[in-house]
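What you are looking at is a predicted structure, and each value in this text was computed from that prediction instead of being measured. Side chains are part of it too, since the values below use all heavy atoms of this structure and drop only hydrogens, waters and symmetry mates.
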Amino acid sequence: MEFLKRIKFEYVYALIVLLVLSGALFYFRQEKMILMILGALIASSSSITTFFFTKHDPKSEKKEDTGA
C-alpha cells in the first residue's frame with residue numbers, strides 16, 4: 001500500500017502520454033504522419049524531463065523571490 005501512496009497523477013499522466021505516442025509511432029510507421037508523431041514524442045519527453053528535474057514543489061507554502 002505504501003507504493004500506491006507514492007504514485008502521483010503527474011507520473012501516471014506522463015507515462016500514458018509517452019505510451020500513446022510510442023504506440024502511435026509504431027502503428028503509423030508507414031504513413032506520412034510519422035514526422036508529426038515523432039516531433040510530438042520528442043517535445044513531450046523533453047517537457048516531461050524538464051518537469052521532473054526542476055526543483056519546483058507546487059505543494060510548498062514558501063514563495064520564492066524571483067528578483068523582479
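Taken from CG in Leu18 to CG in Leu41, the straight-line distance is 6.5 Å, to the nearest 0.5 Å. Here the CZ atom belonging to Phe51 is positioned 12.0 Å from the OH atom belonging to Tyr13, to the nearest 0.5 angstrom.
Checking Leu15, Val17, Leu21 one by one against Leu19, the side-chain contact (heavy atoms from CB on, under 4.5 Å) holds for a single residue, Leu15.
Residues Met33 and Phe26 do not share a hydrophobic cluster, clusters being chains of Ile/Leu/Val/Met/Phe/Trp/Tyr side chains in contact below 4.5 Å. The hydrophobic clustering, which links ILVMFWY residues whose side-chain heavy atoms are closer than 4.5 Å, places Ile42 and Leu35 together.
Side-chain contact between Phe28 and Ile34: absent, with no pair of heavy atoms (C-beta onward) separated by less than 4.5 Å.
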